[in-house]
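All values below were derived from every heavy atom in this structure, side-chain atoms included, with hydrogens, water molecules and symmetry-related copies excluded.
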Amino acid sequence: MTQQHHIEQLIDAETIGRRVAEMAREVSAAFDHEEVTLCAVMTGSLVFTADLVRLMDCPTRIVTVEAASYRDGTESGELSVYGLVEHKVRDHRVLLVDDIFDTGRTMAELVRRVEDLGPREVKRCALLRKLHDRVEGTPPEFIGFDVPDVFVVGYGLDLDGRYRGLPYIGKVNPYVL
Ligand code: IMP
Ligand code: MG
């Protein structure tokens with residue numbers, strides 16, 4: 001049987017919507033209302049990117065990249081990156097869009113990969129940032145919300161592929177049976 005979890009709401013849908021609208025304005029202004037190539041980190045930023053892009057006040061392109069890290073316990077393993085090819089980003093002004101900035105390893109590696117392909121510019125955006133002292137590197141220029149150091153799902157974020165469709169962000173509490 002499928003494992004079920006109790007999801008405790010941390011950020012409601014309306015609050016997310018308001019903040020994403022603000023972020024869209026901040027991002028558009030930071031790119032001088034010129035064309036932005038959103039590089040959406042799949043699959044977690046799917047929902048966020050879809051909402052953000054529709055509220056941006058500038059021409060946009062959307063490209064995707066898949067990033068998967070294999071973790072054993074708390075240690076983050078090697079990061080695999082798929083789907084990032086030169087023509088998607090060369091000479092474009094790129095905004096990397098991820099769901100959550102945790103240690104920052106994913107974002108740092110993706111910036112390196114994108115920069116190798118000759119973009120005009122790379123900025124970074126994450127809907128969420130986890131608050132703890134295991135952060136490597138500098139936080140993204142654009143952050144939606146800070147969240148506590150717990151596992152969160154919803155609005156694109158998953159637990160083993162599940163809960164991405166929840167309209168809110170919630171904390172996962174396993175049922176103790
Ligand atoms: P980082 O490389 O440690 O910053 O991890 C970022 C990636 O880990 C994100 O792109 C997410 O896919 C995943 N991740 C980290 N924390 C969570 C969480 O609480 N819920 C769901 N995914 C998470
Ligand atoms: Mg991810």
Specify the closest pair of heavy atoms between [X] and [Y], including all atoms of both residues, with the distance to one decimal.
| X | Y | value |
| --- | --- | --- |
| Val81 | Leu84 | CG1-CB, 4.4 Å |
| Met23 | Ile143 | CE-C, 3.6 Å |
| Glu136 | Phe101 | O-CZ, 4.3 Å |
| Ala126 | Phe48 | C-CE2, 4.2 Å |
| Phe151 | Leu159 | CE2-CD1, 3.9 Å |
| Ile169 | Gly154 | CD1-O, 3.7 Å |

Fill in: Set of side chain to side chain contact (heavy atoms under 4.5 Å, CB included) partners for Thr60, sequence neighbours left out
Leu38, Val53, Met56, Cys58
Discussion item. According to salt bridge (charged side-chain N to carboxylate O under 4.0 Å, His left out), does anything in residues 145-157 pair up with another residue at least two apart or in another chain? List the pairs.
Written reply: Arg129-Asp146, Arg134-Asp149
Item to complete: For residues 37-57, pull every pair meeting salt bridge (charged side-chain N to carboxylate O under 4.0 Å, His left out), keeping only residues two or more places apart or in separate chains.
Response: Asp51-Arg54
Whether the side chain of [X] engages the backbone of [Y] through a donor-acceptor N/O pair (distance < 3.5 Å, no angle test) should be reported.
| X | Y | value |
| --- | --- | --- |
| Arg124 | Val111 | no |
| Asp32 | Glu34 | no |
| Thr64 | Met42 | no |
| Arg61 | Lys88 | yes |
| Arg164 | Val47 | no |

So, do [X] and [Y] sit near enough that their side-chain heavy atoms are less than 4.5 Å apart?
| X | Y | answer |
| --- | --- | --- |
| Val89 | Val122 | no |
| Leu96 | Val41 | yes |
| Asp158 | Thr43 | no |
| His33 | Ser28 | yes |
| Lys130 | Leu128 | no |
| Ile7 | Tyr163 | yes |

Hey, quick one: are [X] and [Y] part of the same hydrophobic cluster, counting side-chain heavy atoms closer than 4.5 Å, chains of contacts allowed?
| X | Y | answer |
| --- | --- | --- |
| Val36 | Val65 | no |
| Leu166 | Val150 | no |
| Phe142 | Ile100 | yes |
| Val114 | Leu79 | yes |
| Phe145 | Val20 | yes |

Sequence neighbours excluded, which residues qualify as salt bridge (Lys or Arg N to Asp or Glu O under 4.0 Å) partners of [X]?
| X | answer |
| --- | --- |
| Asp116 | none |
| Glu35 | none |
| Glu22 | Arg19 |

Can you tell me how far [atom2] of [Y] sits from [atom1] of [X], rounded to the nearest 0.5 angstrom?
| X | Y | atom1 | atom2 | answer |
| --- | --- | --- | --- | --- |
| Met107 | Arg112 | CE | CZ | 13.0 Å |
| Arg18 | Asp12 | CZ | CG | 7.0 Å |
| Glu78 | Arg105 | CD | CZ | 11.0 Å |

Practice prompt. Would you please test Val85 and Val63 for side-chain contact (heavy atoms from CB on, under 4.5 Å) and show each step?
Written response: CA-CA 10 Å; Val85 287; Val63 302; over 6 Å; no
